[in-house]
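Residue numbers begin at 1 in each chain, while the letters A, B, ... track the order of the sequences.
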Amino acid sequence: MTQLAPTKHPFIADGEATAILPTGGKQKPITVIGTEAIRETFDDFCVQQAINSRLAPGVTDLVLNPDAHCGYGAPVGCVMVSPTHVYPGPVGVDIKCSMSLLQTSLPADAVVDKQTRRALIDAICERTPTGAGRGQRNAAKSRPVDEALGQRVLVEGASKGVCEALGIPPEWATRCEDSAHVGHDDSTAALALRLERLLPHAHRFADKMSQLGSYGGGNHFGECEVVEVGDDPRSQSVAETFGLVDGGVAFLSHCGSRGIGHQLATGQFKALQAKFEQWNIPLPGQDRELVYAPLGTAEADAYLDDMALGANFATVNHLLINALVLEAFQQVIPGATGQLVYFISHNIARKEIVDNRPAWVHRKGATRAYPGGHHALAGTPFAQTGHPILLPGNPQAGSAVMVADPGAVLSRYSVNHGAGRQLGRKAAKRALNQAQVDQSFNEADILSNCRHYPIDEAPAAYKDFDEVLRSVKSAGLASEVARLKARFVIKDGDKADD
DNA sequence: ATGTCC
């Protein structure tokens, strides 16, 4: 990829937690969210990816968030806006990777006892497996997903029929950012047609459909939380609208579109890269990870359809996981009930109105943040307050539920998607000590399904979550409503019973 | 992220 001017401290601060990054031309500079301490965590490669993305054809706006780090083509932790082009790389391989939060009726006291927590871990892991690939045939054993139902999931998303077939409370669909994605022409029919064309080439399609109700690996997780709503009147009032219960037990999940999303995304990368080569089209920043398609072309249509298929899988995957987690709670603690607080993505491109015209907003490791009164929230439970923003931090610092403020217009109505990596996986394995990581979890009384917590996922491998949140708040983008404190974590790792 | 290389 192209290396431009030296990128050491290239930012021009224009506030405590905001800066701009000029790219040398007349175009609007990159908007940077982050305190000086946070901006120093951006390495040169990440900044170069941001510059290449900003200068790519049809891109009118680029926002770099405080959790930014190197990604595929564009940094993870950025927002890329284009009224004319779609960019598969800056959506990423895990199409519609998302967060969801389930509020249970249980008080914090219910998850103090270690035996109870162990029983919950076992009941949850039995229903919602972690880890990659094989061995997940009918991940959700009580709700087998065959190829036909899988096709409906991809085309319809969390439709009433799909929810009923999978035992998902249909009202949860009203608590989703996009319960169903449609095709390039805004029709479901386009998705059915696209799927029909893809199926003969889809490798082990039935196996991928049977992954519904599973977490996967890497940074994906499920986490039992105790909710701590802020003391201020606004937090209390917003928490009530969100359905958050102070001192109650909730369950936070992070996962995406699993194998099918990966297959659809990489298929698109390869197809577009081949066309760029065939037609000798210059690559933005000489980076093949930044291939694109102009809207209205067959290539753009195909990408938007594939993205929607993957997104629909991710949506139903999350809802099913929540239904199964609730079932697990009910097995261990009879009488428990639960309500979905929200489901929101951080890897998706959405058609939104930006500066009074439609544009595709690519959020790559970035979370939509519409404040109260935003036109797109009209008719939803969150029209007055703004929708819930779910930000994973780390099990020890906690995670956050936030709500957008009007200042979020600066970041194209987006915030970060978590803490962001501080150390790469290899660096984390070199720098951190397994015994110390495990001891820190013991001292915090946070249980896990893993015998040893995955070291490349340790809290110290991520940026300081409080500093990241300080950036978001100081920039005027969003306010904290509640903190979620982990009681146990479900992750892919060496299982305690191995 | 991903049956971590079809």
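In this structure, A:Tyr72 places its OH atom 16 Å from P of B:dT2, rounding to the nearest Å. The CG-P distance, from A:Asp456 to B:dT2, rounds to 14 Å in whole Å. Atom P of nucleotide B:dC6 and atom CG of A:Asp207 are separated by 15 Å, given to the nearest angstrom. Put simply, CD on A:Glu457 is 14 Å from C1' on B:dT4, counting in whole angstrom units. Following rounding to the nearest Å, A:Glu289 (CD) and B:dT2 (P) show an atom-to-atom distance of 18 Å. Distance CG (A:Asp94) to C1' (B:dT4): 14 Å, rounded to an integer number of Å. What separates CG of A:Asn347 from P of B:dT2 is a distance of 11 Å, to the nearest Å. Atom CG in A:Asp492 sits about 11 Å away from atom C1' in B:dT4, given to the nearest Å.
The aromatic rings of A:His387 and A:Tyr342 sit parallel, their planes meeting at an angle under 30°, below the 60° perpendicular limit. Using the six-membered ring where Trp is involved, A:Phe251 and A:Phe488 have ring planes that are tilted, between 30° and 60° apart.
No salt bridge links A:Asp67 with A:Lys463; every basic N to acidic carboxylate O contact stays at or beyond 4.0 Å.
Residues from residues 255-268 of chain A placing a heavy atom under 4.0 Å of any atom in DNA chain B, listed by number, are A:Arg258, A:Gly259, A:His262.
When atom types are taken as modelled, the side chain of A:Thr128 and the backbone of A:Cys125 share no donor-acceptor pair closer than 3.5 angstrom.
Contact annotation for A:Lys96: no contact, since no heavy-atom pair falls under 4.0 Å across all strands. Residue A:Gly216 is classed as a sugar-phosphate contact, given heavy-atom separations below 4.0 Å to backbone atoms only.
The heavy-atom pair separating A:Val76 from A:Gly365 by the smallest distance is CG1-CA, 4.1 Å.
One distance of note links CD of A:Glu327 with CG of A:Asn322; it measures 12.5 Å at 0.5 Å rounding.
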